[in-house]
Amino acid sequence: MAFDKMELRDIEVWDGNFAAAQALRQAQVDVVAAYPITPSTPIVEGYAKFQADNYIEGEYVMVESEHAAMSACIGAAAAGGRVATATSSQGFALMVETLYQSSGMRLPIVLNVVNRALAAPLNVNGDHSDMYLGRDSGWIQLDSYCPQDAYDLNFIAFKVSEDHDVRLPCMVHQDGFMTSHTAQGVNTLTDDDAYGFVGEYKPMNDMLDFEHPVTHGVQTEEDWHFEHKARQHNDLMTKVLPKVQTAFDDFEKLTGRKYNIVEKYDMEDADVAVICMGTSVETAREVAGEMREKGIKAGVVGIRVIRPFPFFQIQEALAGVKAIATLDRSAPGGTAGMLFNEMAGALFNQAERPLLSGKIYGLGGRDLTKAHLVDLYTELQANVDAGKVTTPLQQFIGVRGPELSFL
């Protein structure tokens, strides 16, 4: 039975969840297996509604847990289908075992992660705890700053993940509630243009191709496990980033919307810079402009591709910067934040290293205000003037009670 076409306006008012659901519809995903969880529920709910209304020829499978959801996605992908799902927080944590299965089996599944705090205490609001939990799972990971990004990056995810030179699953992150439930104008693609960009799905190592039998889920032990993981890591670092850049370039030709592996704002002559992800990028950009009016040469670097981590692009983005601060939206639990550590690794062997400090912010949905960022840029300029970091290396922004720091 043929499916119906949906006519979209050039600009629709969508939140990040509905934007992602529309992208799954337009990509004509074959299977979505899901166990809904706040705040990602509307993504899979939207796909199910589209399927029920005959806008999709795919299958929506309700399962008994998030672990089962990704397990079903693994089976469907191994059988040769275009597959996607969505989750958040505790559901993501329950999926973790199967995340390693899907990347190790080289299955191009797309997972929308609507970022939310991990319990305990229980909290349904957004931070990056789940994002950080999955950073070493072998998945490509892209980060959205707004609903437009959540829409566009899903197409990029399918394009890169399904490339036969890559064949790795991909996450598309967006901030819980701040992006997922905030409606903005989203520039749309027609169904034909969207599907044309993603392309017809071409299975590889399809379990149902009985003329070419394959084995999935093998056991390797010490004889081949190391080689398998080393090759997977090498492919991530050497093949994925060029494929992502090519997909970004092709998408710009189609839509006029430009994405970069590392996003740079006011960085041409910046003395101080903030490194961040998600919705904080847009807030930091606004404050950086205001700081420039006050004589502080402020800039912003947004991490668009979280994995593979773009070390060389970051080095280029920060060339000439004198002081930087990383914004980590996850409780580090006895160490420095992930971005702080990654930046230290990227910059340690540079001939000219900027002064580096780290901030923990926004846990459990706590707002990051413009006033916080004004104070941060002012502090960074003080570090430049003093020629050293003048505060503890890692501090918490906006926490009630006494000031807290680590390192």
Side-chain angles (χ1 to χ4, degrees), residues 117-118 127-129 131-133 135-136 143 262 264-267 270-278 280-281 283-284 287-288 291 296-303 306-307 309-364 366-407:
L118 286 167
D127 67 26
H128 293 162
S129 299
M131 174 197 292
Y132 283 22
L133 177 65
R135 67 186 184 273
D136 295 335
D143 191 37
V262 172
K264 298 180 290 183
Y265 307 100
D266 294 323
M267 290 300 296
D271 287 333
V272 297
V274 166
I275 320 297
C276 52
M277 297 184 292
S280 302
V281 173
T283 307
V287 175
M291 299 308 293
I296 294 178
K297 294 180 179 179
V300 181
V301 172
I303 307 301
I306 305 165
R307 286 293 185 272
F309 198 74
F311 290 102
F312 301 115
Q313 290 85 349
I314 286 168
Q315 291 170 0
E316 183 274 330
L318 293 173
V321 178
K322 298 174 183 177
I324 66 174
T326 58
L327 290 178
D328 280 289
R329 199 170 192 180
S330 179
T335 185
M338 183 273 286
L339 274 181
F340 180 94
N341 282 325
E342 299 281 24
M343 290 299 155
L347 300 173
F348 185 79
N349 286 322
Q350 296 298 97
E352 296 182 5
R353 295 198 299 267
L355 300 168
L356 174 63
S357 55
K359 309 297 178 182
I360 306 299
Y361 80 101
L363 303 185
R366 181 69 56 85
D367 285 338
L368 176 71
T369 68
K370 291 176 65 175
H372 291 144
L373 287 161
V374 168
D375 290 344
L376 178 51
Y377 278 119
T378 302
E379 177 186 301
L380 288 175
Q381 185 60 51
N383 292 346
V384 172
D385 295 341
K388 64 180 180 179
V389 178
T390 59
T391 62
L393 290 183
Q394 180 168 271
Q395 295 176 292
F396 291 74
I397 292 178
V399 64
R400 289 199 295 267
E403 291 187 5
L404 298 175
S405 61
F406 181 79
L407 295 179

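Computed from a predicted structure; not experimentally measured.
- Expressed to the nearest 0.5 Å, how far CE of Met291 lies from NZ of Lys370 amounts to 11.5 Å.
- For the salt bridge (charged side-chain N to carboxylate O under 4.0 Å, His left out) test, no residue two or more places apart in sequence or in another chain qualifies with Asp367.
- Under the 6.0 Å distance and 45° angle rule, Arg353 counts as a cation-pi partner of Phe348.
- If you take CD on Gln315 and CE on Met343, they are separated by 10.5 Å, rounding to the nearest 0.5 Å.
- Pairs of residues two or more places apart, or lying in two chains, never qualify as ring-ring contact (aromatic ring centres under 6.0 Å, His included) while including a residue from residues 369-407.
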*Stepwise, does the side chain to side chain contact (heavy atoms under 4.5 Å, CB included) test hold for Ile324 with Val301?*
CA-CA 10 Å; Ile324 66 174; Val301 172; over 6 Å; no
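- Atom CG in Asp271 sits 11.0 Å away from atom CG in Leu380 (nearest 0.5 Å).
- Of all the heavy atoms in Val300 and Cys276, the pair that sits closest is CG1-SG, 4.2 Å.
- Looking only at distances, a side-chain donor or acceptor of Asp143 sits under 3.5 Å from a matching main-chain atom of Gly278.
- Separating the CD1 atom in Ile303 from the CG atom in Leu327 is a distance of 11.0 Å, to the nearest 0.5 Å.
- Put simply, CD on Glu316 and NZ on Lys264 are 3.5 Å apart, with the number rounded to the nearest 0.5 Å.
- Scanning both residues, Thr390 and Ala382, for their nearest heavy atoms gives CG2-O, 4.1 Å.
- Remark: Asn341 CG to Leu356 CG distance equals 9.0 Å, nearest 0.5 Å.
- Taking 4.0 Å as the cut-off between side-chain N and carboxylate O, Arg135 and Glu342 do not count as a salt-bridged pair.
- Asp328 places a side-chain N or O within donor-acceptor distance of the main-chain N or O of Met338, the cut-off being under 3.5 Å.
- Across all their heavy atoms, Ser357 and Val389 have their closest contact at CB-CG1, 4.3 Å.
- Considering all non-hydrogen atoms of both residues, Ala323 and Asn383 come closest at CB-CB, 4.4 Å.
- Counting heavy atoms from C-beta outward, Lys322 and Lys297 have side chains that stay 4.5 Å or more apart.
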*Would you sort out whether Asp385 and Gln381 count as a side chain to side chain donor-acceptor pair (under 3.5 Å), showing the intermediate values?*
CA-CA 6 Å; Asp385 295 341; Gln381 185 60 51; 3.1 Å; yes
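- For the pair Gly398 and Arg366, the tightest heavy-atom approach, listed with the atom from each and the gap, is O-NH1, 2.7 Å.
- Among the candidates Ile397, Thr369, Val399, the single residue satisfying the side chain to side chain contact (heavy atoms under 4.5 Å, CB included) test with Tyr361 is Ile397.
- Of the possible donor and acceptor atoms, one in the side chain of Asp127 sits under 3.5 Å from a partner among the backbone N and O of Gly364.
- Relative ring orientation between Phe311 and Phe309 is described as perpendicular, the plane-to-plane angle rising above 60° on a 0-90° scale split at 30° and 60°.
- With contacts defined as side-chain heavy-atom distances shorter than 4.5 Å, the pair Val274/Val287 does not qualify.
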_salt bridge (Lys or Arg N to Asp or Glu O under 4.0 Å) evaluation trace for Arg307 with Asp136_ = CA-CA 8 Å; Arg307 286 293 185 272; Asp136 295 335; 3.4 Å; yes
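- Heavy-atom minimum distance, Gly337 versus Pro332: N-CB, 4.1 Å.
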*Please step through side chain to side chain contact (heavy atoms under 4.5 Å, CB included) for the pair Tyr132 and Leu339, ending with a clear verdict.*
CA-CA 10 Å; Tyr132 283 22; Leu339 274 181; 4.1 Å; yes
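- Checking side-chain atoms of Gln394 against main-chain N and O of Thr335 turns up a donor-acceptor pair under 3.5 Å.
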